[in-house]
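Data first, discussion second: the structure below is written as structure tokens.
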Number of protein chains: 2
Amino acid sequence: MARGSQTRQRIMDVAQEAILDKGFDATSIDEIVANAEITKSGFFYHFRDKNALARALIERHIEIEDALFDDLFERARELSDDPLQQLLIGLKLLAELLADIPGGHPGCIVATAAYQDRLFDHEVREANRRAVLGWRSRFRDMLETVQQTYPMKENVSLDHLADMFSVVIEGGLVMARAVNDPRLTEQQVLLLRSYLNLLFSPASRSV
Amino acid sequence: MARGSQTRQRIMDVAQEAILDKGFDATSIDEIVANAEITKSGFFYHFRDKNALARALIERHIEIEDALFDDLFERARELSDDPLQQLLIGLKLLAELLADIPGGHPGCIVATAAYQDRLFDHEVREANRRAVLGWRSRFRDMLETVQQTYPMKENVSLDHLADMFSVVIEGGLVMARAVNDPRLTEQQVLLLRSYLNLLFSPASRSV
DNA sequence: TTCAGAACCGCACTGGTGGTACAGTACCTT
DNA sequence: AAGGTACTGTACCACCAGTGCGGTTCTGAA
């Protein structure tokens, strides 16, 4: 069983690299099978069609990203007991992480899927939707905890605010690509941090 | 000469509708020529290849969007003499505009191009880049004027802040698609407005 | 009225790509 | 030895971007 899933992983690795570099459509199955050192028949043994590959990639991506966020905010919790500080520290760590990836963040498969969504079938879009809603509830929980200690200075929806995390990250990745500036995403995450600081922090001190 | 450019416009209209609906690759030339009531030869008479069509669409989109922003903030200037209020009013008008489009905003061609950029040639990416940098300088100018009257409460880069307009709009459009919630973009623009209000507004009144 | 050029049409063709079908084979576990 | 898993190899199809080129229609200037 190790042999099969190993090949499957290899196909996905090769495919992901090519897709993040060139886009889903620009990556042909022939190219993937060549780089993964497998035959076309072998590819279709593991994936029913190209959609199945996309779905697998998105699902894997969600897991990795979730684990990454878990780790990030776990470290933030270790560094402070204050919920607001945890949030601000977590965002700082996220910005650093985005900055540390050499050559800039490769981009987000979820956004790729969203912008080519008619290419994918319903299951792919559903997986994508689940991922985004998962992030919303994650950040919403954190914001609620913060709000219990620190009242907001402006009355904004916590759901919308939670979505802003994803919006800034995804939008940042899009714009980083458009202007070819890999540091843009990191800068935008820090602006979100600045917003949350102004919104919740009681003293109007600069951070 | 009216005849030629008329056909060209018709091709672009038909193509844009299909591309925003399904994505660039999912839209075949055969489909475009059928809906535009022209032949394939006719299409290639007007556009050297599919890239030329994309380039033309992006350039037209930039013009339209620029005119839209011009109009929006012109109206904001009519409503207030205060630079901060102009900015906040402009964002409110933008949010209303995004909300008013029936069925939600169709999406942004610039982001589509950014996420499939390897599909496009250098000229297309350059046009895209120019558009984004144009927005940056537009919003930067406005922010600078605001800053002359209202000092920022946190010291953030005006360039980054200017980029945040595009980031929130583009990211909002991506996420709106992902969760199938057309109102998301509008909500995010209002959050950006809330941030700018907190950042520049001297009194900590709620708006 | 003529006539050149712009704006097409019609059709045949090429190469690449996603996907199918199916027979055969190496390997690994029971 | 048997049987499933994990493939290989080959042949094939439909669709799509793009080419080539000869022919046709429309239009504005001389």
Side-chain angles (χ1 to χ4, degrees), chain A residues 1-19 21-58 109 112-113 116-125, chain B residues 1-19 21-58 109 112-113 116-125:
Chain A
M1 80 175 66
R3 179 162 144 256
S5 66
Q6 208 175 321
T7 306
R8 200 183 145 92
Q9 287 297 314
R10 202 172 65 242
I11 294 171
M12 286 170 70
D13 290 341
V14 164
Q16 177 158 335
E17 196 189 332
I19 289 171
D21 184 44
K22 299 183 295 186
F24 186 69
D25 300 283
T27 305
S28 73
I29 294 179
D30 284 337
E31 179 193 339
I32 294 169
V33 304
N35 290 334
E37 285 170 336
I38 202 178
T39 61
K40 211 171 175 181
S41 309
F43 175 88
F44 283 106
Y45 174 79
H46 286 287
F47 301 98
R48 204 175 70 255
D49 52 23
K50 227 183 166 188
N51 262 310
L53 171 65
R55 196 162 57 242
L57 282 172
I58 287 176
I109 286 197
T112 307
Q116 308 183 11
D117 59 1
R118 296 301 162 106
L119 268 168
F120 301 117
D121 60 24
H122 186 258
E123 284 178 70
V124 177
R125 288 199 297 278
Chain B
M1 81 174 62
R3 179 162 144 255
S5 66
Q6 207 176 323
T7 306
R8 201 182 144 91
Q9 287 297 314
R10 200 172 65 242
I11 294 171
M12 288 172 69
D13 289 341
V14 164
Q16 176 158 336
E17 196 188 332
I19 288 171
D21 185 43
K22 298 183 295 186
F24 186 69
D25 300 283
T27 304
S28 73
I29 293 178
D30 284 335
E31 179 193 338
I32 294 170
V33 304
N35 290 334
E37 285 171 336
I38 203 178
T39 62
K40 215 171 175 180
S41 310
F43 175 88
F44 283 106
Y45 174 80
H46 286 285
F47 301 99
R48 203 175 69 257
D49 51 24
K50 228 184 166 187
N51 262 310
L53 171 66
R55 197 161 57 243
L57 282 173
I58 287 177
I109 284 197
T112 307
Q116 308 183 11
D117 60 0
R118 295 301 160 108
L119 265 167
F120 300 118
D121 61 24
H122 185 260
E123 285 179 71
V124 176
R125 288 198 297 279

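Here is how names work: the chains are called A, B, and so on, in the same order as the sequence lines, proteins then strands, and each is numbered from 1. Values in this document were obtained by computation on a predicted structure and should not be read as measured data.
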[atom1] of [X] versus [atom2] of [N]: gap in Å, rounded?
| X | N | atom1 | atom2 | answer |
| --- | --- | --- | --- | --- |
| Phe44(B) | dG20(D) | CZ | P | 12 Å |
| Asp49(A) | dT20(C) | CG | P | 7 Å |
| Ile32(A) | dG18(C) | CD1 | C1' | 11 Å |
| Phe43(A) | dT8(D) | CZ | P | 13 Å |
| Ile38(B) | dT25(D) | CD1 | C1' | 14 Å |
| Gln6(B) | dT27(D) | CD | P | 11 Å |
| Glu37(B) | dC8(C) | CD | P | 13 Å |
| Phe47(B) | dA17(D) | CZ | P | 15 Å |

Is the shortest side-chain N/O distance from [X] to OP1 or OP2 of [N] below 4.0 Å?
| X | N | result |
| --- | --- | --- |
| Thr7(B) | dA7(C) | no |
| His46(A) | dC7(D) | yes |
| Tyr45(B) | dA7(C) | yes |

Can you name the closest pair of heavy atoms from [X] and [Y] and give their distance?
| X | Y | answer |
| --- | --- | --- |
| Leu53(B) | Ile32(B) | CD2-CD1, 3.9 Å |
| Val33(A) | Thr39(A) | CG1-O, 3.9 Å |
| Met12(A) | Phe47(A) | CG-CZ, 3.7 Å |

Tell me, with the steps shown, if Arg10(A) and His46(A) meet side chain to side chain contact (heavy atoms under 4.5 Å, CB included). CA-CA 11 Å; Arg10(A) 202 172 65 242; His46(A) 286 287; over 6 Å; no
Residues at least two apart in sequence or cross-chain that pass salt bridge (Lys or Arg N to Asp or Glu O under 4.0 Å) with Glu31(A), listed by chain then number, are Lys22(A)
Heavy atoms of other groups near Glu17(A) CD, more than 12 under 6.0 Å: no
Under 6.0 Å from the CD atom of Glu37(B), do we count more than 12 heavy atoms belonging to anything else shown? no
Base versus backbone protein contacts along nucleotides 24-30 of chain C [heavy-atom cut-off under 4.0 Å; B, S, -]: -------
Which parts of nucleotides 9-16 of chain D does protein reach within less than 4.0 Å, heavy atoms only, written one letter per nucleotide 5' to 3' as B for base, S for sugar-phosphate only and - for none? BB-----S
Applying side chain to side chain contact (heavy atoms under 4.5 Å, CB included), name anything that partners Asp13(A), two or more places apart in sequence or on another chain. Arg60(A)
Residues passing the side chain to side chain contact (heavy atoms under 4.5 Å, CB included) test with Phe44(B), sequence neighbours excluded, are Ile29(B), Lys40(B)
